[in-house]
Trainee: 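I'd like to ask you about the structure that follows.
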Amino acid sequence: MSDTETRTSVRESESETTTESTGECPECDGSVVHDEEHGETACENCGLIVDEDEIDLGPEWRAYDARDRAEKSRVGAPATKLIHDEGLSTNVGWQDRDGYGRTLSADQRRRAQRLRKWNERYRTQDSKDRNLRQALGEIDRMASALGLPKDIRETASVIYRRALDENLLPGRSIEGVATAALYGAARQAGTPRSLDELERVSRVGRRKLTRTYRYVCRELGLEVEPTKPEQYLPRLTSALELDEDVERRARSLLSTARREGLHSGRNPVGLAAAAVYASSLLTNHKVTQEAVGEAASVSEVTIRNRYTELLDVVED
DNA sequence: ATGGTTTTTACTGCGTC
DNA sequence: GACGCGGTAAAAACCAT
């Protein structure tokens, strides 16, 4: 087969797909031509359409972008969730054979060995990269939604990186671990955000969050002090637009409460909310229980309970 | 899973503006 | 009558075992 022959045959087949002479026009003796793109068979000369009901051999669906195509297309290798890239990446075969089934020379075998190794390395590297990128994006998003400063985001990303390195991710969602990392980082920095607040900006539910948080803490040996009610005071008072002295008074209430053992077993946020409410009464800057409860996302009943206890121990 | 504890939900009555 | 507050019972959530 010569070069020129193949070239001309390709040319012909190309032209045939667009216009194909299928006979003579019944009207004018011109040649009838098939136009695949428009799905018509028409006379070249007079434009008479002989046949327009063409069988379309293309896919019956339309794809508007790559993602669409991937979803609608029914061809290609089966994807599996069991492999991190769903089995869609390159693999270097383990048999030391070439494409024709011949065994490889020692030299080629070594080369294939290296290829396998590096391919594997790059593939996991890639997935970790993508994973990290997504997680850091999530952390950033949630942190800015919660108004957390940069250094906390950095702590969170360090925690996440460690979790990734220790292989804590399999079986857990990126989002979940990212949220847990941020929660822990905020607590470590002494500016904790409550679970409610985290839940509001995260895509994972409370149960999942607390579970993965505990898990990550345990596995990484994260030392996080239990949150103190005092840590919520600044944000509560500013959210309610209360003066400095309200916060100060609340702080002193909380310290005596601690001496009396009111802290144990109670939700720190509820205690803080009660302290703010009590302090607002004592300093004549009254706010309603409802408002405090709203700001702290704690029920009024809890505020009432804590605050009566608070006043009890402060009395004497 | 279970039991004990805390928190929430929902409803009530009381006093005040 | 609406509002803020106190109280209660039952449900729900949480935690250690």
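Here is how names work: the chains are called A, B, and so on, in the same order as the sequence lines, proteins then strands, and each is numbered from 1. Note that these values count all heavy atoms, side chains included, but never hydrogens, waters or copies made by symmetry.
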Trainee: Atom pairs under 3.5 Å, N or O on each side, protein against nucleotides 1-3 of chain C: can you list them with distances?
Mentor:
none

Trainee: Give me the distances for all protein-to-nucleotides 10-15 of chain C N/O pairs that come in under 3.5 Å?
Mentor:
{"from": "C:dC14", "atom 1": "OP1", "to": "A:Arg206", "atom 2": "NE", "distance (Å)": "2.7"}

Trainee: Could you see if A:Leu281 belongs to whatever hydrophobic cluster contains A:Leu311? Use Ile, Leu, Val, Met, Phe, Trp, Tyr and a side-chain cutoff under 4.5 Å.
Mentor: yes

Trainee: Less than 3.5 Å apart, any donor N or O on the side chain of A:Glu197 or A:Ser194 sitting next to an acceptor on the other?
Mentor: yes

Trainee: Could you check how far CD of A:Glu309 sits from P of C:dG7, rounded to whole Å?
Mentor: 12 Å

Trainee: Whole Å only: how far is the CD atom of A:Glu294 from the P atom of C:dG4?
Mentor: 13 Å

Trainee: Can you pull the ring pair (Phe, Tyr, Trp, His ring centres under 6.0 Å) pairs that have at least one residue in residues 243-274 of chain A, sequence neighbours excluded?
Mentor: none

Trainee: Indicate yes or no: at least one non-hydrogen side-chain atom of A:Glu199 is less than 4.5 angstrom from one of A:Val204.
Mentor: no

Trainee: Which protein N or O atoms sit under 3.5 Å from an N or O of nucleotides 6-10 of chain B?
Mentor:
{"from": "B:dT7", "atom 1": "OP1", "to": "A:Asn267", "atom 2": "N", "distance (Å)": "2.5"}
{"from": "B:dT7", "atom 1": "OP2", "to": "A:Arg306", "atom 2": "NH1", "distance (Å)": "2.3"}
{"from": "B:dT7", "atom 1": "OP2", "to": "A:Arg306", "atom 2": "NH2", "distance (Å)": "3.4"}
{"from": "B:dT8", "atom 1": "OP2", "to": "A:Ser299", "atom 2": "N", "distance (Å)": "3.3"}
{"from": "B:dT8", "atom 1": "OP2", "to": "A:Ser299", "atom 2": "OG", "distance (Å)": "3.1"}
{"from": "B:dT8", "atom 1": "OP2", "to": "A:Thr302", "atom 2": "OG1", "distance (Å)": "2.3"}

Trainee: Is the distance from OP1 or OP2 of C:dG6 to the nearest side-chain N or O of A:Tyr307 less than 4.0 Å?
Mentor: yes

Trainee: Between A:Leu148 and A:Leu233, is there a shared hydrophobic cluster once you connect ILVMFWY residues whose side-chain heavy atoms come closer than 4.5 Å?
Mentor: no

Trainee: Could you list the donor-acceptor pairs under 3.5 angstrom formed between side-chain atoms of residues 250-257 of chain A and any protein atom two or more places apart in sequence or on another chain?
Mentor:
{"from": "A:Arg251", "atom 1": "NH2", "to": "A:Glu247", "atom 2": "OE2", "distance (Å)": "2.8"}
{"from": "A:Ser252", "atom 1": "OG", "to": "A:Arg249", "atom 2": "O", "distance (Å)": "2.9"}
{"from": "A:Ser255", "atom 1": "OG", "to": "A:Ser252", "atom 2": "O", "distance (Å)": "2.9"}
{"from": "A:Thr256", "atom 1": "OG1", "to": "A:Leu253", "atom 2": "O", "distance (Å)": "2.8"}

Trainee: Is it the case that atom CD in A:Gln231 sees more than 12 heavy atoms from other parts of the structure closer than 6.0 Å?
Mentor: yes

Trainee: List the residues meeting side-chain contact (heavy atoms from CB on, under 4.5 Å) with A:Lys117, not counting sequence neighbours, and say none if there are none.
Mentor: A:Arg121

Trainee: Between A:Tyr215 and A:Arg211, do the side chains contain an N or O donor and an N or O acceptor separated by less than 3.5 Å?
Mentor: no

Trainee: Does a side chain donor of either A:Asp165 or A:Tyr160 reach within less than 3.5 Å of an acceptor in the other side chain?
Mentor: no

